Enquirer: 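Sharing a structure, written as structure tokens. Questions coming.
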Number of protein chains: 2
Amino acid sequence: MARVAGVSRSTASYALSGKRTISPEVRLKVAEAVASLGYTPNAGARALATSQTKVIALLAQFLDDEFAPAMLQYILGVTNTARQLGYDTLLVSEGDGAAALQRISSSRMVDGFVLLNVAQDDERLGVLQSASQPGALVGLPGETGDFDIFDLDFVATGRLMVERMSELGHRELILVSQPEHVVERGGAYVWRLANAASERAEELGVTLHHYFGSASQPEIGRDLNAFLDAHPDATGLLLNNEAAAAALPNVLNMRGISSPGDLSVIGRYSDDFARTFSLPYSAIDSAADELGRRAVEHLVARIEAAADLAVEPLIELIPPTIQDRGSTAAPQPR
Amino acid sequence: MARVAGVSRSTASYALSGKRTISPEVRLKVAEAVASLGYTPNAGARALATSQTKVIALLAQFLDDEFAPAMLQYILGVTNTARQLGYDTLLVSEGDGAAALQRISSSRMVDGFVLLNVAQDDERLGVLQSASQPGALVGLPGETGDFDIFDLDFVATGRLMVERMSELGHRELILVSQPEHVVERGGAYVWRLANAASERAEELGVTLHHYFGSASQPEIGRDLNAFLDAHPDATGLLLNNEAAAAALPNVLNMRGISSPGDLSVIGRYSDDFARTFSLPYSAIDSAADELGRRAVEHLVARIEAAADLAVEPLIELIPPTIQDRGSTAAPQPR
DNA sequence: CTGAAAGCGCTTACAG
DNA sequence: CTGAAAGCGCTTACAG
């Protein structure tokens, strides 16, 4: 390219980067050469020379009972934001996330990592700690270390669900969580929400029955019926379980009851999920795309920060907000 | 690393690649040094020296009315297969796919491309044609050129749906396709299926009513009711529209009819989709993960093929198979 | 069986 | 304002 433009390789490089002043004529000649050749710098060579790849890795974990569309929201939040900031995204879906992180880090394929679905005791964190590239976590682990962490505030979410029901006059609630094995494999958010809800209920003098529900149909439909049968006086239903939310319309239909007349409902799932299933329930948005976006923004800031001004570790728990779809009301007098 | 092992850089490199015979002692020393340092070759340097990145790009298109879970199936099929073959995957979700393809190709970030959701007249194909890396298409375009193409055989799918119904004795069918604007933006598979179904119906003396349905709830529910109202004598329903399949259980419920007793149903959607929505209808699997897998396998074969033995362009249309879920039967005498 | 050297295509101090 | 040169970390003919 430099030859075509009739200048030296260094001048051409500077003309492209703008890192030193270039005479108008040279600038024009370089621009013409670039245009005529369709020239783009070789990414590998640039990476080698600058130690910057302009790529980030997205470490996704595809768990069998995870709800796929939610995953896609995260992925899109990450790739789109990364691209806006000048980065491409390497999508890593290997089962062994720790090994993949090690491999990609030490081969210096990327400038940073976004870890999705971080568990209570996530084996990837040890590897990330000793990696030479920074990382941002989506999901709050037990040990926060010096990591940048982004998650929905599940404690505030549990409290908010109960408070909203209590304000409306409900005194007996049912909370349906994800299956217990989600907790076992490190999904601590399930407990964080459930514990916060229980505590807040106690403070407010509200009875709260907590259950783990199945993660798929038709089991979760049977579960919901069983829970409702067990507590005929409960007037409010809280759902921290996407399959339960998807199954509920049919269950209510079958039982011949309606929301919010007979039962007030608050869920916790993404707006996108609600749209896909046409769910008519008020819900706290899980904010997947926003979490993905914030994680990338902060990761890139850290990547590009001058080494001398250290960026403080950041834990950002997004406050819950209820998207009102009209599924809550005061309990009906019986 | 070579210094730690006490050998030359070239010997170390050969010891790792195995491209020439190495004495056992040296091999051991190198292995030890690699292990102790956690050494992995620098990807950028290797790419520069070999002109191979061991990365493929996945060009996804996220269309607003596309069903997200299907997308994820493709993505997983691609990333998992690529990894098995020794490649990482760059996920590209930019709106302007042609520009992204141009940028990534000319910067030589990847060894090849997988294009998802290829449309009838896809603007990315011109760029791919003149790219220096090979590509594999998922989705059959109008001009096949010299590309490697993978898709479900939608012509055979349309014929099979009609044949199955005809064999059972149905004489009047309704086909609900994706919305018309899907066709307009290049989703030719909609027409390929519909035309093949119509032709086959004519051959077999079966009446087929073809409609475009909405892509989301609750509109598609209203659409289905309207179609069923318009043709009270139709005994079979063919669905090439995922939203319609998801909405159908409720629609049938409301109308007080059941499948296959009152209405035989055959859909076209992925097994994963069926599981997510607990759909009880027999359907032709759209085989997203298999298409992703086949595309990557062939792409890698082409990447790694010696330049002298040219690989023939391949168009692979996967034959449809009906996953029987018991939603078809002989029509009831009225 | 092993080593010294060239080269991949960039960027960036170093000179002028 | 511009050019000649070194160097990023590998791989691979070329010698021995």
Side-chain angles (χ1 to χ4, degrees), chain A residues 1-34 37-55 86 88 103-111 132-133 303-304 306-307, chain B residues 1-34 37-55 86 88 103-111 132-133 303-304 306-307:
Chain A
M1 188 274 279
R3 194 173 48 244
V4 173
V7 299
S8 74
R9 304 155 53 39
S10 55
T11 301
S13 179
Y14 282 116
L16 284 177
S17 69
K19 287 192 183 165
R20 74 182 183 192
T21 40
I22 300 282
S23 69
E25 309 93 71
V26 170
R27 201 200 319 270
L28 186 66
K29 280 196 295 184
V30 170
E32 279 172 355
V34 165
L37 300 179
Y39 171 85
T40 312
N42 180 297
R46 171 174 274 178
L48 189 55
T50 63
S51 305
Q52 278 203 63
T53 63
K54 289 290 179 176
V55 177
D88 282 296
R103 173 175 65 81
I104 290 168
S105 170
S106 70
S107 67
R108 284 158 202 283
M109 296 178 73
V110 305
D111 297 337
S132 47
Q133 303 91 345
I303 289 171
E304 298 182 348
Chain B
M1 188 277 279
R3 196 173 47 244
V4 172
V7 300
S8 73
R9 306 156 49 40
S10 56
T11 302
S13 178
Y14 282 117
L16 285 177
S17 69
K19 288 192 181 165
R20 73 182 184 191
T21 39
I22 301 283
S23 70
E25 310 94 70
V26 170
R27 203 201 317 269
L28 186 65
K29 281 196 295 184
V30 169
E32 279 171 355
V34 165
L37 299 178
Y39 171 86
T40 311
N42 180 297
R46 170 173 275 180
L48 191 54
T50 62
S51 306
Q52 278 204 61
T53 63
K54 289 287 177 179
V55 178
D88 283 295
R103 175 175 64 81
I104 290 168
S105 170
S106 69
S107 66
R108 283 154 203 284
M109 298 178 71
V110 305
D111 297 337
S132 45
Q133 303 91 346
I303 289 171
E304 298 182 349

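Heavy atoms only: backbone and side chains are in, while hydrogens, waters and symmetry mates are out. We name chains A, B, ... by the order of the sequence lines, and we start the count at 1 in each one. Nothing here was measured: the structure is a model prediction, and the numbers come from that model.
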Enquirer: Between CZ of A:Arg27 and OG1 of A:Thr21, what distance do you get to the nearest 0.5 Å?
Expert: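 So the CZ of A:Arg27 and the OG1 of A:Thr21 are separated by 9.0 Å.
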Enquirer: Mind checking the CZ-OG1 spacing from A:Arg46 to A:Thr40? Nearest 0.5 Å is all I need.
Expert: 9.5 Å
Enquirer: Could you tell me the separation between the CG atom of A:Asn42 and the CG atom of A:Leu48, rounded to the nearest 0.5 Å?
Expert: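 That separation rounds to 10.0 Å.
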Enquirer: Indicate whether any N or O donor in one side chain lies under 3.5 Å from an N or O acceptor in the other, for A:Thr11 and A:Ser8.
Expert: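 On atom types as modelled, these side chains qualify, holding a pair under 3.5 Å.
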Enquirer: Which nucleotides of nucleotides 9-16 of chain C have their base under 4.0 Å from a protein heavy atom (B), which only their sugar-phosphate (S), and which neither (-), written as one string 5' to 3'?
Expert: BBBBBB--
Enquirer: Is A:Ser23 near enough to D:dC1 that one of its side-chain N or O atoms lies under 4.0 angstrom from OP1 or OP2?
Expert: no
Enquirer: Could you state the interatomic distance from CG (B:Asp111) to CD1 (B:Ile303), rounded to the nearest 0.5 Å?
Expert: 5.0 Å
Enquirer: What distance separates B:Arg108 CZ from B:Gln133 CD, expressed to the nearest 0.5 Å?
Expert: 6.0 Å
Enquirer: Counting C-beta onward and ignoring hydrogens, is there a side-chain heavy-atom pair between B:Asp88 and A:Arg103 closer than 4.5 Å?
Expert: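 Yes. Closest side-chain heavy atoms under 4.5 Å.
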Enquirer: Per the side chain to side chain contact (heavy atoms under 4.5 Å, CB included) rule, which among B:Ser106, B:Ser107, B:Ser105 passes with B:Met109?
Expert: B:Ser107
Enquirer: Please, what dot-bracket string fits DNA chain D when only Watson-Crick and G-U pairs with both distances under 3.5 Å count, crossing ones use [ ] and pairs to another strand use |?
Expert: |||.||||||||.|||
